[in-house]
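The structure appears below as structure tokens.
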Amino acid sequence: MGKTNSSRDWTQIYAIYGMDQWQTLVFLLFHAVFFSLLSVLFLLYFESIFHFFQTFLSSPGAARFAAGFSGGVTAISAVCLFFAAANFFYSAGPLHYDMAQRMVGSVNDWSTVKLALDIGCGRGILLNAVATQLKKTGSSGRVVGLDPSKRTTLSTLRTANVEGVGEYVTCREGDVRSLPFGDNYFDVVVSAVFVHTVGKEYGHRTVEAAAERMRVLGEMVRVLKPGGVGVLWDLLHVPEYVRRLQELKMEDIRVSERVTAFMVSSHMVSFRKPSQHVVGPGEVRLDWRY
């Protein structure tokens, strides 16, 4: 497995890439502060709260327990919300950057890579990691970032220029469920914390949403050259990705250890598209579409 340098200060990461879904972080912090203040009020006015509960409960012991239990739950809620906010903040920047380096390191030889694709490139953390690796190896290759939002792709080009890899990067808007590229087009295809968002309009746990995610996987495999490498880091649905890759007869499927990201389980999956497929006496060209 290739090696990469993943050392970078988190302030640099956020200065260059900013944060997606910052509203979620503000929401978590607001409620964490709210519950913290509420728990302080429970502590300061415990006797008054105790007497309030006594108006509903005949037993003083039960009233005291109810007051203490309510205060304890409030304090625990504040701690949990602060922890969730910290994990979200870490996952969106330093962890994302670190996982991007690990994904790049999953490809053994970047010197032979001419074209790479980042599906759902977002702010460009993974996209620029790939471009940086191409630059380090002296490759003449390029990496294409595809995202459903044109506004995002314009922002991503800016970050590539800041990282000094603008000449290695191309960004375009497109539908990830029907990639605008021909069969067997890319040497490497990557995607980070994106595929689980596809089909969310149907709800994450519906059959329709799962079918949409499988379409993305099928497209990822379709545009990958025989012998090419795919690397995917995502949340929640990794087991179904592995099953689909097995159905598509991918080789060297590897799943990383569990990494907690955005307060849920995540894994990195790497695989290789076979150079050829033979069934019986003759070669059969498979349709990689879902």
Side-chain angles (χ1 to χ4, degrees), residues 2-26 29 85-107 110-111 113-174 176 179-181 186-195 197 229-235 259 261-262 266 268:
K3 295 199 180 281
T4 58
N5 179 15
S6 61
S7 59
R8 172 171 281 191
D9 188 81
W10 66 267
T11 56
Q12 293 177 309
I13 297 172
Y14 281 111
I16 296 172
Y17 296 102
M19 173 182 282
D20 285 334
Q21 299 178 330
W22 58 266
Q23 300 93 332
T24 302
L25 181 62
V26 171
L29 286 173
N87 183 263
F88 187 92
F89 182 79
Y90 172 69
S91 299
L95 178 61
H96 196 154
Y97 183 85
D98 181 62
M99 292 300 295
Q101 307 307 310
R102 290 180 58 183
M103 293 175 72
V104 168
S106 296
V107 180
W110 282 97
S111 63
V113 175
K114 299 302 180 185
L115 282 172
L117 172 67
D118 180 7
I119 298 176
C121 60
R123 295 171 291 161
I125 293 179
L126 175 57
L127 182 76
N128 292 335
V130 171
T132 299
Q133 189 63 24
L134 291 172
K135 184 177 181 179
K136 284 180 181 178
T137 59
S139 170
S140 59
R142 295 181 67 85
V143 54
V144 179
L146 186 77
D147 197 272
S149 169
K150 184 176 182 179
R151 181 179 178 182
T152 298
T153 58
L154 293 174
S155 175
T156 304
L157 286 173
R158 181 188 64 80
T159 65
N161 290 325
V162 171
E163 292 280 24
V165 292
E167 68 271 24
Y168 292 88
V169 171
T170 300
C171 291
R172 60 182 295 179
E173 178 187 7
V176 298
L179 297 177
F181 308 104
F186 294 97
D187 301 290
V188 173
V189 178
V190 297
S191 182
V193 287
F194 173 76
V195 177
T197 66
V229 176
V231 189
L232 170 70
W233 172 45
D234 207 12
L235 316 175
V259 177
F262 302 100
S266 78
M268 184 176 72

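Residues take their numbers from the sequence shown, with the count starting at 1. A quick note: this is a predicted structure, and the numbers were derived from the prediction, not measured. In what follows, every heavy atom counts, from backbone to side chain, and hydrogens, waters and symmetry copies are set aside.
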| message | Less than 4.5 Å apart, side chain to side chain, heavy atoms only: is that true for Val130 and Val188? | response | no
| message | Please enumerate all residues that pass side-chain hydrogen bond (donor to acceptor under 3.5 Å, both in side chains) together with Arg142, with sequence neighbours excluded. | response | Thr170
| Roughly how far, to the nearest 0.5 Å, is CG of Leu117 from CZ of Arg172? | 10.0 Å
| said: Once rounded to the nearest 0.5 Å, what's the spacing between atom CD of Gln133 and atom OG of Ser111? | reply: 10.0 Å
| query | Atom CG in Leu126, atom CZ in Arg102: separation rounded to 0.5 Å? | reply | 13.0 Å
| request: Find the distance between CD1 (Ile16) and CD1 (Ile125) and round it off to the nearest 0.5 Å. | output: 9.5 Å
| Heavy-atom side-chain contact between Val169 and Leu157 under 4.5 Å | yes
| query | So do the side chains of Phe194 and Leu232 get within less than 4.5 Å of each other, counting heavy atoms only? | reply | no
| request: Sorted by first residue and then second, give each salt bridge (Lys or Arg N to Asp or Glu O under 4.0 Å) pair with at least one member in residues 116-125; sequence neighbours left out. | output: Asp20-Arg123
| remark: Residues passing the side-chain hydrogen bond (donor to acceptor under 3.5 Å, both in side chains) test with Thr197, sequence neighbours excluded, are none
| Can you tell if the side chain of Thr24 reaches within under 4.5 Å of the side chain of Phe262, non-hydrogen atoms only? | no
| Evaluation steps, side-chain contact (heavy atoms from CB on, under 4.5 Å), between His96 and Val193 | CA-CA 9 Å; His96 196 154; Val193 287; 3.8 Å; yes
| query | Of all heavy-atom pairs between Ala192 and Met103, which one has the smallest distance, and what is that distance? | reply | CB-SD, 4.1 Å
| query | Does the pair Val144 and Phe181 meet the rule for a side-chain contact (heavy atoms from CB on, under 4.5 Å), with working shown? | reply | CA-CA 11 Å; Val144 179; Phe181 308 104; 4.0 Å; yes
| task | Return the minimal non-hydrogen interatomic distance between Tyr14 and Tyr90, and the atom names on each side. | result | OH-N, 4.2 Å
| Under 3.5 Å, is there a donor-acceptor pair between the side chain of Trp110 and the main chain of Gly138? | no
| task | Over all heavy atoms of both residues, which pair between Met19 and Ala92 is shortest? Give the atoms and the distance, please. | result | CE-CB, 4.0 Å
| request: Identify the two heavy atoms, one from Leu25 and one from Ala85, that lie closest to each other, and give their separation to 0.1 Å. | output: CD1-O, 3.4 Å
| Does the side chain of Thr159 reach to within under 4.5 Å of the side chain of Thr156, using non-hydrogen atoms? | yes
| message | Less than 6.0 angstrom separating the ring centers of Trp10 and Phe89, yes or no? | response | yes
| message | Please report the interatomic distance CG(Asp147) to SG(Cys121), rounded to the nearest 0.5 Å. | response | 4.5 Å
| message | Tell me every residue that passes salt bridge (Lys or Arg N to Asp or Glu O under 4.0 Å) with Asp234, counting only those two or more places apart in sequence or in another chain. | response | none
| field | Atom of Ser139, atom of Tyr168 and distance for their closest heavy-atom approach | value | O-CE2, 3.4 Å
| note | Rounding to 0.5 Å, atoms SG (Cys171) and CG (Leu127) come to a distance of 5.0 Å
| said: Could you report the tightest heavy-atom contact between Asp187 and Lys114, atom names first, then the distance? | reply: OD2-N, 2.9 Å
| Ile119 and Leu179, any side-chain heavy atoms less than 4.5 Å apart | yes
| note | Residues passing the side-chain contact (heavy atoms from CB on, under 4.5 Å) test with Ala261, sequence neighbours excluded, are Ser91, Leu95, Trp233, Leu235, Ser266
| message | Going by the rule side-chain hydrogen bond (donor to acceptor under 3.5 Å, both in side chains), which residues pair with Tyr17 if we only count those two or more places apart in sequence or in a different chain? | response | Asn128, Glu163
